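One structure below.
The shown structure was predicted, so the numbers you read here are calculated from the model rather than taken from an experiment. The sequence lines fix the lettering, A, B, ..., with proteins before strands; numbering per chain opens at 1.
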Protein chains: 2
Amino acid sequence: MVLRPATIKDVAARAGVSVASVSRVLNAQGVVGEDVRARVMEAVETLSYVPHSGARSLITRKTDTVGVILPDLFGEFFSELIRGMDLAAREKRLHLIVSSSHDDAEEASFAIKSMRGRVDGLIILSPHLDAAALAASMPRSLPVLLMNGGARDVDRPSITVDNHGGAEVMTRHLLAQGRRRVAHVAGPVGNLEAEARRAGYLAAMAEAGIEPVVLDGDFDQASGFRAGAAIAAMDIRPDAVFAGNDMMALGVLLALQEAGLRCPEDVAVGGFDDVPIASLVRPALTTMRIDIAETGRRALERLVSLIDAAGEAPINHEIVRPTLVARQSSNSSNSGNSGSKSALAQGG
Amino acid sequence: MVLRPATIKDVAARAGVSVASVSRVLNAQGVVGEDVRARVMEAVETLSYVPHSGARSLITRKTDTVGVILPDLFGEFFSELIRGMDLAAREKRLHLIVSSSHDDAEEASFAIKSMRGRVDGLIILSPHLDAAALAASMPRSLPVLLMNGGARDVDRPSITVDNHGGAEVMTRHLLAQGRRRVAHVAGPVGNLEAEARRAGYLAAMAEAGIEPVVLDGDFDQASGFRAGAAIAAMDIRPDAVFAGNDMMALGVLLALQEAGLRCPEDVAVGGFDDVPIASLVRPALTTMRIDIAETGRRALERLVSLIDAAGEAPINHEIVRPTLVARQSSNSSNSGNSGSKSALAQGG
DNA sequence: CTGTTAGCGCATTCAT
DNA sequence: ATGAATGCGCTAACAG
């Protein structure tokens, strides 16, 4: 039942030409006569021939494929990111192999190894992976773009978000709203992004000379909910919460609501990432915006240029600076629905 | 700078054995002496050798890779789905090539063609693709699992959601809450899933002998918002809305809220999919639940069995029946916070 | 148990 | 402008 797919030989035979001519037609190499081209095309069509990518890559030493290693956390952030990468990959006619759900460095290393030889380059987002683990699992010959939290310390090109700076901006913003007891819900321990955000928060609090309050979280909504409930129950209750990411901020929001506290009146809330849903909840969530899809696209494009440069490119570390998006959840001039209508009317 | 990666020959040379032995060790084929195995492993290690997947697939006729074609719509539904597939793929030691953002049949066809030859099988989710387009872009020799809306009509194995039945259940549920004027916000025209849901709604309304009201939407939050605003402004205002998916339902929820209407008191709302956020908004959203990640995992596993069966498998159409999850947004016995705490405490 | 060898499908010299 | 021949890295069949 499963017919052997047509090979270049079959095409050549049917077109009455040599395999070399078929190859030339298909790759637009050299010059080919009009009649030959036509016959080849006809044969390709009727045999529905498609070149064997393996055989081709054996010779060209390219796979036209790039790999993406993602952490366990999924949700809106990563799907947006992949979307951006996918769009860029399509334009460059590249394929995208994804491998997600790696919850520790070992798994991520394994995934990296298993992709070697089948991709031309790799984009790695594994907040658990440090320089040592990375070096161990990758040959220098494979172009790699890091999007890890602590990538700046590593001898590899990278794109990273300025988590520390962003956290400072957010914390200062909450303080500027007149809030004093600003608490922080931290991301998972060992996650470099989470730690940078926490550090930024601590720096801003120290700067303001206010005692910090840090609660544990893991970047998931549920942990934000628990932290929010804990905050609501505190004797000396914080009047603002900076959650390590938007999903936790949403959890905080709900917990506050269920505890009968109003946001922003009683407690202001800020998040990080600006995932699509952030502008769609009520109160709309103040957050640090990262243009996620665009960052994904940039990442892919940089990886491509690394591949093209064949190791001759300088190793530089690009930094994406998140921008503050002040919405309702941190609004101190009380009242209403600011901006929500327009945001949605323009198309979520 | 870019060293040629080590080949099997390099390994053989360093280990002082033949390439055949190296191959045997690596593939656990045949029997190999302990000393040889050790020397090979040592050489593999120090040369950090990794087999060239192209060369291997040339001879084994397998790529150990499966492709996934996704539509333009992204967001939580598809990221969950991919997550499920990815998990299953890892267990089976397969790689996953994804190609998303196809907003029409032509683009999807192109993506399908471009994957031929580099995957062992394909999972296709393209609600725009009909039988004809599909047949045109795929050779019978490639195992394919369809997850399109109208896949039951096609001569290919499939997994589909019972959209029609689910829509009936939801519509009847809203009617059973004592609602009479139940409106429907439809998904994009030409999308088979959307059309099945609309048809299910119409059927249930006809059954109840009530005049249907259908508003246009495109599965995006913003379109739900617009529809919600329109509903709020109607002279004879509906007392319930069944949105074609959860994201539109969220939009409806917000529009109602901004219009000063209460949900569920004034207008009940139901969605479809049960994306993670559905249980986390307030009022929590009543919806038709599909275990998305599990469905993704099933899909991948079925594709694998199709591949293993090498065309000898019967073509069957599996149907996933969504189940009603009645939450606050459709609750007629008014009042509160039902169930929200437990849902979150258990881990969003 | 191990080595030799053919050939997978293709791009690419080198001839013509 | 076209064809014949070579070899990419690997597995498998065959020898030994």
Taking every heavy atom of A:Val25 against every heavy atom of A:Arg37, the minimum-distance pair comes out as CG2-CA, 4.0 Å
Taking A:His95 for its side chain and B:Ser114 for its backbone only, find out whether a donor-acceptor pair lies under 3.5 Å.
yes
Quick check: does any side chain N or O of A:Asp120 sit under 3.5 Å from a backbone N or O of A:Val66, one acting as donor and the other as acceptor? no
Applied to residues 297-307 of chain A, the side-chain hydrogen bond (donor to acceptor under 3.5 Å, both in side chains) test, sequence neighbours excluded, yields A:Glu91-A:Arg297, A:Arg298-A:Glu318, A:Arg302-A:Asn316, A:Arg302-A:Glu318
The first and last nucleotides of DNA chain C lying within contact of chain B, meaning any atom under 4.0 Å from one of its heavy atoms, run from C:dC1 to C:dG9
Contact string for nucleotides 6-16 of chain D, one letter per nucleotide 5' to 3', B = base within protein heavy-atom range under 4.0 Å, S = sugar-phosphate only, - = neither, reads -BBBBBBB---
Q.
Can you confirm whether A:Lys113 sits close enough to B:Val50 that some side-chain heavy atom of one is under 4.5 Å from a side-chain heavy atom of the other?
A. no
query = Below 4.0 angstrom, N of the basic side chain to O of the carboxylate: do B:Glu80 and B:Arg83 qualify?
reply = yes
Lys/Arg N to Asp/Glu carboxylate O, B:Arg90 vs B:Asp86, below 4.0 Å = yes
